[in-house]
Number of protein chains: 2
Amino acid sequence: MKRKITIRDVAKKAGLSVSTVSLITNNKPNVNDETRRKVLEIIKQLGYHAQRSARGLASQSSGNIGFILTEDHFSQAEPFYTKIFLGTEFEARNHNFYILLTTVGWTLKDHNQVPRFLLEHNVDGVIIAGKIGASWVDYIHEQNLPLILIDYELPRHRVSTVGMDNRTGIKLVVEHLRRGGHTKIGFIGGDVHHPSIAERFASYRDTLSAGGISIVNQWIAVGEANTSLSDGYEAAKKIFSMNGERPTAVVCANDAMALGCMKFLKETGVAIPGDVAIVGFDNIEAGLHVEPRLTTVNVHREEMGGIAVRRLVEMIKDQSAVLTKTLTPVELIVRDSCGVKEDVSD
Amino acid sequence: MKRKITIRDVAKKAGLSVSTVSLITNNKPNVNDETRRKVLEIIKQLGYHAQRSARGLASQSSGNIGFILTEDHFSQAEPFYTKIFLGTEFEARNHNFYILLTTVGWTLKDHNQVPRFLLEHNVDGVIIAGKIGASWVDYIHEQNLPLILIDYELPRHRVSTVGMDNRTGIKLVVEHLRRGGHTKIGFIGGDVHHPSIAERFASYRDTLSAGGISIVNQWIAVGEANTSLSDGYEAAKKIFSMNGERPTAVVCANDAMALGCMKFLKETGVAIPGDVAIVGFDNIEAGLHVEPRLTTVNVHREEMGGIAVRRLVEMIKDQSAVLTKTLTPVELIVRDSCGVKEDVSD
DNA sequence: TAATTTAATTGAAACGTTTCGATTAAAGAA
DNA sequence: TTCTTTAATCGAAACGTTTCAATTAAATTA
């Protein structure tokens with residue numbers, strides 16, 4: 001078992017002090033060019049690389065970023081947050097950070113629910129994705145750790161966020177449907193307490209109003225506890241089991257619910273998009289494989305993760321960094337479930 | 001900015017030496033019960049927790065596990081390896097480890113392609129998922145690091161692996177089709193250099209032979225470079241553009257290719273399962289949403305990751321641990337694309 | 001030439017643990 | 001009582017860096 005190579009070995013071989021070598025590996029100024037070149041050469045030759053834990057101890061930094069998800073978000077079948085996570089992983093590499101992932105309960109009650117990476121001071125900053133209890137945000141602020149929220153926000157808290165342009169997304173959807181002649185447009189929202197869902201719902205109402213289309217409460221289902229496929233199924237059942245006039249189009253706050261809605265309609269023999277047009281939001285994989293293929297709004301999930309990491313790294317390197325709110329753009333993806341062709345003119 | 005609480009604070013408050021406190025936090029023997037109780041109380045009261053980097057430096061361990069994927073596996077749309085990764089994440093938490101993920105090129109040529117966590121001695125063991133160049137395995141062995149391979153193996157190398165029971169999976173598929181009356185059974189394999197695909201292919205041939213069904217080379221497509229949806233599409237085109245007799249069933253080496261195959265058949269007006277039965281392997285989400293729903297073989301992806309972590313942790317704690325090869329079970333999931341009902345008798 | 005500034009290098013402390021040989025106190029054996 | 005063993009605790013070194021004040025040497029100014 002060959003011994004690990006340490007900075008001491010490099011210093012010795014170079015005939016210099018350890019501190020000079022350290023200055024060089026961290027490429028700090030005030031080192032003679034020739035010395036630097038020579039030491040770099042030796043480092044390469046010896047295959048030296050500073051050990052993370054020693055570095056961390058001395059400089060009180062870990063080189064890690066904590067990524068926190070609530071348990072229910074993590075275990076969700078649809079990999080919405082997974083994609084965000086992978087985006088952070090990818091970007092983190094560019095900044096020489098690693099991501100430590102963990103899940104937590106909805107609120108922080110007990111001290112021994114705190115993720116180990118926080119207790120062990122093993123992260124330099126934290127990213128939280130999705131709706132979460134404010135107590136977590138408070139806790140992380142107390143630890144003086146830089147923090148970014150993805151796809152969530154807390155109005156009362158001073159915290160940087162990365163989100164997506166929900167309002168524009170729904171606006172594009174509604175206007176597209178209207179252009180296709182639809183004026184009876186329903187909405188399936190699920191859990192409208194989630195800020196993104198709430199924004200989508202608000203934008204639905206605003207855009208209808210702005211277009212002079214009346215809002216019919218019987219065509220709106222926003223009471224469900226969650227935003228999963230089965231919630232969409234139940235919501236559709238509610239809307240389409242009513243007597244009276246039916247909507248000719250339904251805007252769903254996400255693709256999962258749109259798929260659930262389609263499932264119900266298919267089972268009851270309603271033609272899509274013939275009888276009812278369906279539109280989703282998020283552009284998940286499954287929307288591509290369903291029949292008819294789902295018209296939806298694309299969200300740059302990986303990119304959201306990437307941006308969050310960039311912001312966080314700025315905050316880590318410059319503790320004075322300013323508060324930011326970043327919105328990533330979205331775009332309408334017209335497929336078959338809405339029955340309206342992509343507009344050439346406009 | 002309140003100072004971090006260190007072991008020294010605990011020792012002072014308890015009127016004991018630092019070493020005794022350390023013995024307690026690592027619950028080592030030879031400590032008086034009363035002392036232990038008292039110190040634990042103080043630790044709780046102070047909210048003390050050992051800092052990872054200090055611990056790591058002193059004990060020469062990181063508390064991290066490295067997870068390596070090749071770039072192409074990582075960027076693959078279908079989250080096969082993502083699921084495995086999440087499985088490792090989940091299990092790692094139970095053992096107080098964190099996973100550091102990275103991607104690498106196919107082979108290790110250049111020293112500066114080595115993942116940072118290896119250079120920095122920042123992992124206690126490594127998991128590699130999927131096909132990868134042998135040079136990586138060699139490199140990790142040189143570093144004396146415990147290693148587990150998931151869904152891959154290298155016959156010439158002494159390394160523990162976690163895989164799935166590919167042979168049984170395909171056997172179940174073929175026998176199911178045969179029970180449904182099929183005797184003209186094709187196979188789409190894609191990249192048969194991948195050991196799992198190769199096993200599936202071999203099992204296809206073996207099971208046909210064992211069942212007295214003849215193997216028709218025109219119905220077999222195994223030349224493709226990869227195993228993605230488009231490879232399945234192309235493979236189907238090859239098989240069904242031939243003159244002469246056609247198969248009545250096609251076994252696909254994974255779901256992605258099965259979906260590609262279905263796409264081609266639908267486009268050319270072939271009825272599924274009426275004219276041709278299709279079966280996949282892997283049980284990916286998308287198979288549930290396609291019409292008809294895909295019959296497939298379920299693979300416990302998260303569990304494979306979990307088992308790999310358990311094995312690896314054993315190796316980390318006990319360097320003398322023996323070489324293991326673990327196969328996870330698979331099961332046939334009968335849905336609609338095969339046109340054969342689940343057998344009640346047998 | 002002497003005094004001052006600047007650039008390069010260094011020694012030593014600090015970071016917070018673990019670990020191991022040494023020490024002390026208590027218990028048991030002779 | 002004295003010697004030996006065992007249990008509990010401790011002191012100090014070690015882990016491999018970074019960082020900062022101090023030193024030395026060289027360059028510049030007076």
Side-chain angles (χ1 to χ4, degrees), chain A residues 1-40 42-43 46-64 96 116-117 119-122 124 317, chain B residues 1-40 42-43 46-64 96 116-117 119-122 124 317:
Chain A
M1 176 93 177
K2 51 185 183 204
R3 215 175 42 75
K4 285 175 191 166
I5 291 155
T6 74
I7 198 172
R8 207 158 265 119
D9 299 321
V10 177
K12 193 177 212 175
K13 181 148 188 176
L16 287 166
S17 74
V18 159
S19 12
T20 308
V21 177
S22 175
L23 290 178
I24 291 167
T25 56
N26 294 26
N27 51 56
K28 298 256 166 101
N30 294 333
V31 175
N32 182 280
D33 283 351
E34 173 55 19
T35 314
R36 173 167 267 135
R37 201 198 50 68
K38 190 180 69 182
V39 170
L40 252 23
I42 291 174
I43 284 177
L46 257 42
Y48 166 75
H49 202 290
Q51 263 171 256
R52 184 65 251 186
S53 47
R55 220 188 211 288
L57 180 58
S59 66
Q60 294 293 79
S61 72
S62 65
N64 298 324
N96 281 354
R116 212 161 38 83
F117 60 56
L119 297 174
E120 293 179 341
H121 301 282
N122 198 18
D124 301 334
K317 299 216 161 130
Chain B
M1 174 92 178
K2 50 183 184 203
R3 212 175 46 75
K4 285 175 192 166
I5 291 156
T6 73
I7 197 173
R8 206 158 266 118
D9 300 320
V10 177
K12 195 178 212 173
K13 181 147 189 177
L16 287 167
S17 75
V18 159
S19 13
T20 307
V21 176
S22 175
L23 290 180
I24 292 168
T25 57
N26 294 29
N27 52 56
K28 298 254 166 105
N30 294 335
V31 175
N32 182 279
D33 283 352
E34 172 55 17
T35 314
R36 170 167 271 135
R37 203 198 50 68
K38 191 180 69 183
V39 170
L40 252 23
I42 291 174
I43 285 176
L46 257 44
Y48 165 76
H49 201 292
Q51 260 170 258
R52 184 65 252 187
S53 47
R55 221 187 212 287
L57 179 58
S59 67
Q60 293 293 82
S61 72
S62 65
N64 298 323
N96 280 354
R116 212 160 40 81
F117 61 56
L119 297 175
E120 292 179 340
H121 301 283
N122 198 20
D124 301 334
K317 299 218 161 130

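Labels below follow one simple rule: chain letters A, B, ... track the order of the sequence lines, proteins then strands, and each chain is numbered from 1.
For B/T25, taking side-chain heavy atoms from C-beta onward, the closest of the listed nucleotides D/dT17, C/dA8, C/dT18 is C/dT18. Nearest nucleotide to the side chain of B/S19, out of D/dG11, C/dT18, D/dT19: D/dG11. Side chain of B/R55, nearest nucleotide from C/dT17, C/dC15, D/dT9: C/dT17. Out of D/dC15, D/dT18, C/dT19, the shortest distance to the side chain of A/S59 is found at D/dT18. Proximity note for A/Q51 (side chain, C-beta onward) versus C/dT9, D/dT17, C/dT17: the nearest is D/dT17. Among C/dT18, D/dT18, D/dT9, the nucleotide with an atom closest to any side-chain atom of B/I7 is C/dT18. Residue A/N26 has its side chain nearest to D/dT19 when only D/dC10, D/dT19, C/dC15 are considered.
Within the 4.5 Å cutoff, no side-chain heavy atoms of A/H121 are placed close to those of B/R52. A 4.5 Å side-chain heavy-atom check between A/V10 and A/L46 finds at least one atom pair inside the cut-off.
Dashed line: the shortest gap from a side-chain N or O of B/T20 to OP1 or OP2 of D/dC10 is under 4.0 Å. Between B/T35 and D/dT9, a side-chain N or O to OP1/OP2 separation shorter than 4.0 Å is present.
Within the nucleic acid shown, A/T6 comes within 4.0 Å of sugar-phosphate atoms alone, with no base atom in reach, counting heavy atoms only. Contact annotation for A/N32: backbone-only contact, meaning every heavy-atom pair under 4.0 Å involves sugar-phosphate atoms and none involves a base.
In this structure, A/L119 places its CG atom 16 Å from C1' of C/dG16, rounding to the nearest Å. Between A/E120 atom CD and C/dC15 atom C1' there is a gap of 16 Å when expressed in whole angstrom units. If you take CG of A/N122 and C1' of C/dT17, they are 14 Å apart, rounded to a whole angstrom. The separation between B/I5 atom CD1 and C/dT17 atom C1' is 16 Å, rounded to whole Å. Rounded to whole angstrom, the span from the CG atom of B/L23 across to the P atom of D/dT9 amounts to 9 Å. One can place CG of A/D33 at 12 Å from C1' of C/dA8, the figure rounded to the nearest angstrom. Atom CG in A/N30 sits about 18 Å away from atom P in C/dT5, given to the nearest Å. The separation between B/L57 atom CG and C/dT19 atom P is 12 Å, rounded to whole Å.
With hydrogens and angles left out, the side-chain atoms of B/S17 and B/T20 include a donor and acceptor closer than 3.5 Å.
Residues B/P29 and B/Q60 each lie close to DNA chain D; by heavy-atom proximity, the contact nearer the 5' end of the strand is made by B/P29. Of the two residues contacting DNA chain C, namely B/S53 and B/K28, the nearest-nucleotide position lying further toward the 5' end is that of B/S53. For the pair A/S22 and B/G15, nearest-nucleotide mapping onto DNA chain D gives the more 5' position to B/G15.
Within the 3.5 Å criterion, the main-chain N or O of B/E34 finds a donor-acceptor partner in the side chain of B/N32.
Between B/A14 and B/V39, the shortest heavy-atom distance links the atoms CB-CG2, 4.2 Å.
B/L23 pairs with exactly one of B/N30, B/V18, B/V31, B/T35 by the side chain to side chain contact (heavy atoms under 4.5 Å, CB included) rule, that one being B/V31.
The base of D/dG11 lies outside donor-acceptor range of the side chain of B/S17, with no N or O pair under 3.5 Å.
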